[in-house]
Amino acid sequence: MKKTDKPKHIIIIGSGIAGIAAAIRLSVLGHKVTVYEANSYPGGKLTAFTKAGYRFDMGPSLFTMPQFIEQLFDVAEQPIANYFEYKKKAVVCNYFYEDGTFFSAFADAAKFAKEASTTFNVEEATVLEYFKQSKKKYDLTASLFLEKSLHKTRTYLSKEALKAVFKVNSLGINTTLSGYNSKVFKDERLVQYYDRFATYNGSSPYQTPGIMSMIPHLEQYFGTYFPKGGMHAITNSLFELAKDCGVTFNFNSKVAQITTSQNKAAGITVNGASVSADIVVSNVDIVPTYRNLLKTHKAPEKTLTQPRSSSALIFYWGITKQFPQLDLHNIFFSKDYKAEFDAIFNKKTVHNDPTVYVNISSKEEPTDAPTGCENWFTMINVPSNEGQDWDEIITNARQNIIKKLSRLLGEDISKLIAFEEILDPRTIASNTQSYQGALYGASSNNKYAAFLRHPNFKSSIDNLYFCGGSVHPGGGIPLCLLSGKIVSELIEAKS
Ligand SMILES: Cc1cc2nc3c(=O)[nH]c(=O)nc-3n(C[C@H](O)[C@H](O)[C@H](O)COP(=O)(O)OP(=O)(O)OC[C@H]3O[C@@H](n4cnc5c(N)ncnc54)[C@H](O)[C@@H]3O)c2cc1C
């Protein structure tokens, strides 16, 4: 990367994965970068804890598109092997259905199609065609809608933009994901499998548009991976890289205000002091960024009041037994997916038969649990926090989850839980300031959602930028890394 001849002092508020990615890129460009983080540790949602001999990744557990992490080491001209290692998974996820169906989703597309045609009522060719269409949608839209600001005119003046406009009807934006899947597949179980991808950005398959059928492409084409040392190794390695690039981190430093002067960002106030900067980047969720840090500025109410994505309820369980039928990622589907999403997004509560996701990192990293044991990250999708009685919801959900897992695994799980910690929307919000504890900012439950996300900049305040899961492109780790990239490119283009 070419160094700038006009180095600036850039403050980044928050050391979530997007904040660290932006910090690395801006530092490599030659800017002085200082990060202020409210917590005593980096990574935000991408963190971990160890207790009673069990290690748990607390937040993200599915790692796709490692190329965006590789890119950060490339721009920093540092060998990734010195910091970070990861391996590809042959089996993406094991699926358990209430009717006793078991399906192992292989990473290899041909193997996946073969397994699907033996398990479900489907031709291999139909499955392979679905993946082909999934790739087509991704190729047509990713470089445009995910890798560039959606809110800059120049984004639309490219060949890619024209191509996407001409093919807009084939993108599936006028149907829902479930509507699209039901047209392709007859077998309800396979429809449920493909509907599940709506949850990758915290949405409902019955509301999110059919273009989300591009998401399986991320798993099937780019693959899923496991970082050596677990997901937390992503935070640790990027934190080390950022420091080696010259980024300064200040922890236990909750920023109170973004200061402005003549419609320009001027710095921040933190720990009772003012710190000046040429540029400020907020990696804080966009709602508290406006409500707490930009109190004197008019907030974009339409954007901030968009319905939130789902949140999560997680039981971190130390399990005193090993289950050979389980892998790193395991899904135990609900019987009635429609009722489950109706509960989450319309009734704002939790269905009594939720889909349960069990992540077991000790399958890959045996030291994550004592000998003969497993560390179960047991998660269900729940609504964001709107003041529900979470204690009651948790008590009921715990019982229902245990009953379901015990039924499908043929073993009383309750007797095997040696250790338990719980994370719910309230604690997700208090740990990272995510509005209502939503995992991905606003939901993508309508076809305009991407355009309704907050841009990565603010037209009325110069030198103020935003990155992270609650702004464009929004979503999980890969998109957070991309939002860090977009911010660095916007700053580079201006200087
Ligand atoms: C349980 C769970 C499971 C998930 N599963 C997956 C998954 O499998 N795959 C995937 O890709 N994604 C997953 N996600 C989503 C993923 O974790 C997020 O998209 C991503 O980590 C968000 O990163 P971010 O940069 O937006 O910032 P965050 O991680 O939200 O961090 C923001 C940071 O800003 C700090 N901050 C806030 N306010 C202030 C302030 N005033 N001053 C200073 N600092 C402040 C916070 O302390 C925090 O460290 C999951 C999330 C959760 C919670």
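Both counts, for ligands and for their atoms, begin at 1 and track the order of listing. Along the sequence shown, the residues carry numbers beginning at 1.
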Give the numbers and elements of all ligand 1 atoms closer than 4.0 Å to a heavy atom of Cys480.
19 (O), 20 (C), 22 (C), 23 (O), 26 (O)
Strictly below 4.0 Å, N to O, side chains only: are Arg25 and Glu492 in salt-bridge contact?
no
Before signing off on this row, confirm whether Ile17 and ligand 1 have an N or O atom pair separated by under 3.5 Å.
yes
Quiz item: cation-pi between Lys404 and Phe332, 6.0 Å / 45°
no
Shortest protein contact, atom 24 (P) of ligand 1 (heavy atom only)
Asn283 ND2, 3.7 Å
Where does the angle between the aromatic ring planes of Tyr194 and Phe197 fall among parallel (under 30°), tilted (30 to 60°) and perpendicular (over 60°)?
tilted
Kindly assign one of parallel, tilted or perpendicular to the pair Tyr357 and Phe377, based on the angle between their ring planes and the thresholds 30° and 60°.
perpendicular
Please answer whether the main-chain N or O of Phe73 pairs with a side-chain N or O of Gln78 as donor and acceptor at a distance below 3.5 Å.
no
Please confirm whether the backbone N or O of Ile24 pairs with a side-chain atom of Ser27, one donor and one acceptor, at under 3.5 Å?
no
Say whether Ala38, considering both its backbone and side-chain N or O atoms, lies within less than 3.5 Å of an N or O atom on ligand 1.
yes
Kindly check if the number of other-residue, nucleotide or ligand heavy atoms within 6.0 Å of CZ (Phe84) is above 12?
yes
Taking distance alone, with N or O pairs closer than 3.5 Å, would you say Val255 contacts ligand 1?
yes
Should Leu62 be counted as touching ligand 1, given the test is an N or O pair under 3.5 Å?
yes
Relative to each other, are the rings of Phe419 and Phe49 parallel, tilted or perpendicular (30° and 60° limits)?
tilted
Tyr440, portion touching ligand 1 at heavy-atom distance under 4.0 Å
side chain
Any N/O pair Gly469/ligand 1 closer than 3.5 Å
yes
My understanding is that we take every heavy atom of each candidate and find the minimum distance to atom 1 (C) of ligand 1. Doing that for Asn359, Asp285, Ile314, Asp57, which one comes out nearest?
Ile314
Geometric class of the Phe341/Tyr337 ring pair [parallel <30°, tilted 30-60°, perpendicular >60°]:
perpendicular
Could you establish whether Gly43 and ligand 1 come within less than 4.0 Å of each other, counting only heavy atoms on the residue side?
yes
What about Thr432: any of its N or O atoms under 3.5 Å from an N or O on ligand 1?
no
Between ligand 1 and Ala18, is the shortest N or O to N or O distance under 3.5 Å?
yes
What part of Pro288, side chain from CB on, backbone N/CA/C/O, both or neither, has a heavy atom under 4.0 Å from ligand 1?
neither
The one among Gln433, Met231, Glu37 that brings a heavy atom closest to atom 46 (C) of ligand 1:
Glu37
For Gly476, the atoms of ligand 1 under 4.0 Å from one of its heavy atoms are 10 (C), 11 (O), 12 (N), 19 (O)
